[in-house]
Amino acid sequence: MRWSQTYIPTLREKQSDAELISHQLLIRAGYIRKLAAGVYVYLPLMQRVIEKFSNIVREEMNKAGALEITMSVLCPAELWQASGRYETVGKELMRLKDRHDHAMLLCPTHEETVTHLLAGELKSYKQLPLNLYQIQVKFRDEIRPRFGLMRGREFIMKDAYTFDVDEASFNRSYQAMVDAYFAIFKRAGLDVIKVESDTGTMGGKEAHEFMFLVDTEAGEEIILTTKDGSYAANVEKADFRDLAEIKTDSEMKEMRTVDTPGAATIEEVTAFLGVDPTRLVKTLICMADGKPVAALVRGDRDLNEVKLKNALSASELEMASPEQIEECTGAPVGFAGPVGLKDVPIIVDPLVTKLRNFVVGANANEKHIVNVNIDRDFKATRIVDITLARAGDAPPVGDGVMIAKRGIEVGNTFMLGTKYSESLGAKFLDAEGKEHPCIMGSYGIGITRTPQAVLEKYHDRKGIIWPSSIAPYLVELIPLNVQQEAQVQPAEAIYKTLTEAGIEVLYDDRPERAGVKFNDADLIGMPIRITIGDKSLKEGKIELKARCEETVELVPLKEILAKVRKMAERLK
RNA sequence: CGGGGUGUGGCGCAGUCAGGCAGCGCGCUUGCUUUGGGAGCAAGAUGUCGGAGGUUCAAAUCCUCUCACCCCGACCA
């Protein structure tokens with residue numbers, strides 16, 4: 001492709017509203033333009049990256065036995081009402097009405113569509129297993145879109161769905177997808193780790209996320225993992241063993257109320273009473289589907305809202321407002337406690353049950369209660385793990401402690417069970433003629449997010465450095481001065497030779513000065529650069545340079561094809 | 001949803017407090033020169049100052065409403 005014939009609007013100055021280096025580079029290098037918050041136009045270079053990555057995904061999916069289809073972006077609301085997600089997904093769902101006032105939505109994912117499709121088609125176990133996938137645009141009305149393609153309201157995703165007759169068959173299907181995922185990300189230049197994750201509104205029993213680990217704020221997810229990687233989980237999912245040494249009293253002491261003027265936070269109360277935070281118990285008032293719940297965690301620990309939400313089977317969970325807290329406890333924020341709390345379920349973390357003579361709020365302004373004991377002084381409605389794991393905790397099994405890392409979620413896999421096949425009727429007859437719902441799985445890869453994640457790693461001060469597997473073009477060809485026939489002639493010859501050999505070349509035929517061309521080349525980041533200039537041309541040679549290396553190789557014109565192939569092989 | 005901020009030519013911004021010819025840099029067009037790391041000179045083009053309403057002799061500027069975008073928050077009592 002000749003530069004003069006395509007559209008690559010590079011910018012000299014950076015865009016102030018792009019925070020991540022990867023986002024910045026996509027804009028400056030002329031890959032994307034923003035249309036609205038979280039909505040982007042993909043320009044020619046980005047389009048090629050998307051196609052390259054999509055093709056890698058296709059190859060690996062097809063190899064794993066998946067079948068590509070295309071489902072509609074639009075979906076009638078009824079299907080989502082049938083699965084229950086029309087309500088549970090809430091405001092993230094892009095809803096609309098057609099001219100007949102019929103409720104529709106723009107799909108954020110396609111479990112309902114694909115399950116409904118098969119519900120009308122599936123008859124026999126002989127048709128299974130089945131794995132259907134598509135690469136298509138998705139919509140999520142994100143609360144706050146940011147970071148360019150990382151968190152958009154419209155984005156492209158590969159989503160696959162498996163249907164199996166039993167657990168054993170399902171496990172094979174799931175493992176095939178996991179294997180394919182590792183292969184896909186590796187080919188795109190990313191080392192990823194698989195971590196346990198919460199299933200969220202997707203439902204089902206287990207889920208995994210594929211994380212690309214980064215040190216920057218691009219890593220929106222926190223991962224806890226052992227050093228050897230034997231355990232790895234998203235922090236909101238992570239199980240743990242608490243290693244804190246707790247000094248407990250042998251005898252229960254008499255409970256009494258004490259004044260704690262001006263001490264509302266854990267820090268203030270521990271300082272005031274002169275006790276360790278582990279001797280305090282936090283009482284957090286939450287609203288679960290509109291109803292108040294008291295959650296008790298040890299003073300030095302934090303609540304894991306996802307765990308609490310799951311324990312309560314709630315579809316919406318949020319911290320109560322100060323007004324709601326006052327209404328519920330009769331005291332301002334900071335003095336809630338379980339003793340004497342009426343008509344509010346009390347969910348207690350197991351770490352709290354090990355404590356004796358602890359401190360809680362007294363449900364009265366500036367008062368706390370000391371020497372409180374569970375069962376004697378209040379009853380737990382339920383005892384369940386609701387504590388957020390943290391670095392320094394032990395993994396649920398195995399030695400050592402967990403460390404925290406940041407990651408970008410580039411893929412996920414869900415074990416859906418029969419949630420959708422039952423509610424939407426995807427059932428089959430077994431060999432005995434008995435009807436069963438399919439065991440399902442769903443599998444996503446961010447097609448637009450992943451290349452941006454790649455850029456978080458593959459760049460330098462001057463611009464992008466694409467891995468050749470997903471680069472828009474393998475080679476950028478630069479005659480430094482197109483006024484000189486002596487440069488244009490070999491440039492045209494090389495362009496022809498390489499193109500005919502099936503090598504993708506971006507030929508910078510613009511009448512720009514050398515500096516402009518070099519800077520643009522470094523910015524847009526093609527893996528191999530061929531430079532034609534007077535200096536080396538005098539010796540009958542042209543210059544070959546890898547974007548990721550400093551050294552320049554001088555090669556005779558005739559050998560260029562062989563040398564480019566050799567370098568391409570080396571860069572793989 | 002709450003708080004803060006920003007909307008001025010393609011991009012980046014000044015001008016707003018204190019009303020009085022709509023500016024600067026980059027980019028763009030044309031010509032000449034230049035040509036190995038974002039060239040020089042010259043001549044140009046490009047704006048409903050986010051939108052609507054109001055105050056005023058006069059509004060980018062003051063007032064009211066509104067829209068869009070950005071940042072922070074919406075767990076850690």
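Note on naming: letters A, B, ... go to the chains in the order of the sequence lines (proteins, then strands), and numbering restarts at 1 for each one.
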Separation of atom [atom1] in [X] from atom [atom2] in [N], rounded to whole Å:
{"X": "Leu11(A)", "N": "G12(B)", "atom1": "CG", "atom2": "P", "result": "8 Å"}
{"X": "His23(A)", "N": "C69(B)", "atom1": "NE2", "atom2": "P", "result": "14 Å"}
{"X": "Ile27(A)", "N": "C69(B)", "atom1": "CD1", "atom2": "P", "result": "15 Å"}
{"X": "Arg510(A)", "N": "C28(B)", "atom1": "CZ", "atom2": "P", "result": "10 Å"}
{"X": "Gln483(A)", "N": "U34(B)", "atom1": "CD", "atom2": "C1'", "result": "10 Å"}
{"X": "Glu543(A)", "N": "G36(B)", "atom1": "CD", "atom2": "C1'", "result": "8 Å"}
{"X": "Leu480(A)", "N": "G36(B)", "atom1": "CG", "atom2": "P", "result": "7 Å"}
{"X": "Leu554(A)", "N": "G36(B)", "atom1": "CG", "atom2": "P", "result": "17 Å"}

Heavy-atom count check: over 12 atoms from other residues, nucleotides or ligands less than 6.0 Å from [X] [atom1]?
{"X": "Glu327(A)", "atom1": "CD", "value": "no"}
{"X": "Glu318(A)", "atom1": "CD", "value": "no"}
{"X": "Lys91(A)", "atom1": "NZ", "value": "no"}

Pairwise [atom1] distance for [N] and [M], with rounding to whole Å:
{"N": "G10(B)", "M": "G51(B)", "atom1": "P", "result": "13 Å"}
{"N": "U48(B)", "M": "G31(B)", "atom1": "P", "result": "28 Å"}
{"N": "C76(B)", "M": "G19(B)", "atom1": "P", "result": "46 Å"}
{"N": "G4(B)", "M": "A59(B)", "atom1": "C1'", "result": "27 Å"}
{"N": "A74(B)", "M": "C65(B)", "atom1": "C1'", "result": "27 Å"}
{"N": "G15(B)", "M": "G50(B)", "atom1": "P", "result": "14 Å"}
{"N": "A39(B)", "M": "A22(B)", "atom1": "C1'", "result": "30 Å"}
{"N": "C17(B)", "M": "C57(B)", "atom1": "C1'", "result": "23 Å"}

### Task
Choose from G38(B), G25(B), U35(B) the nucleotide whose nearest atom is closest to any side-chain atom of Glu13(A).
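So the side chain of Glu13(A) is nearest to G25(B).
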
Does the structure show a Watson-Crick or G-U wobble partner for [N], both distances under 3.5 Å? Name it, or say none.
{"N": "C11(B)", "result": "G25(B)"}
{"N": "A68(B)", "result": "U6(B)"}
{"N": "U61(B)", "result": "none"}
{"N": "C1(B)", "result": "G73(B)"}
{"N": "A39(B)", "result": "U33(B)"}

### Message
Is there a side chain to side chain contact (heavy atoms under 4.5 Å, CB included) between Thr225(A) and Ile403(A)? Walk through the geometry before answering.
### Response
CA-CA 5 Å; Thr225(A) 174; Ile403(A) 49 178; 4.1 Å; yes

Is [X] touching bases, backbone alone, or none of the nucleic acid, heavy atoms closer than 4.0 Å?
{"X": "Arg461(A)", "result": "nothing"}
{"X": "Ser536(A)", "result": "base"}
{"X": "Gln487(A)", "result": "nothing"}
{"X": "Lys307(A)", "result": "nothing"}

### Query
Hey, mind stepping through Asp300(A) and Arg390(A) against salt bridge (charged side-chain N to carboxylate O under 4.0 Å, His left out) and telling me if it holds?
CA-CA 11 Å; Asp300(A) 64 315; Arg390(A) 65 187 176 198; 3.2 Å; yes

Whether the side chain of [X] and the base of [N] hold a donor-acceptor pair under 3.5 Å is what I'd like checked.
{"X": "Asp534(A)", "N": "G36(B)", "result": "no"}
{"X": "Glu512(A)", "N": "G38(B)", "result": "no"}
{"X": "Asn481(A)", "N": "G36(B)", "result": "no"}

Between [Y] and [X], is there a salt bridge with N-O shorter than 4.0 Å?
{"X": "Glu512(A)", "Y": "Lys517(A)", "answer": "no"}
{"X": "Arg529(A)", "Y": "Asp522(A)", "answer": "yes"}
{"X": "Arg298(A)", "Y": "Asp242(A)", "answer": "yes"}
{"X": "Lys367(A)", "Y": "Asp259(A)", "answer": "yes"}

### Summary
Going 5' to 3' through nucleotides 70-77 of chain B and flagging B where a protein heavy-atom sits under 4.0 Å of the base, S where only the sugar-phosphate is that close, and - otherwise, we get SSB-BBBB

### Message
On RNA chain B, compare the nucleotides closest to Arg28(A) and Gln484(A); which residue's is nearer the 5' end?
### Response
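With Arg28(A) and Gln484(A) compared, the 5'-side residue is Gln484(A).
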
### Summary
Nearest-nucleotide check on RNA chain B, Lys91(A) vs Ala514(A); residue mapping nearer the 5' end is Lys91(A)

### Query
Can you check side chain to side chain contact (heavy atoms under 4.5 Å, CB included) on Thr497(A) and Tyr495(A), steps first, answer last?
CA-CA 6 Å; Thr497(A) 304; Tyr495(A) 180 54; over 6 Å; no

### Task
Please determine if a side-chain N or O atom of Arg12(A) lies less than 4.0 Å away from the OP1 or OP2 oxygen of G27(B).
yes

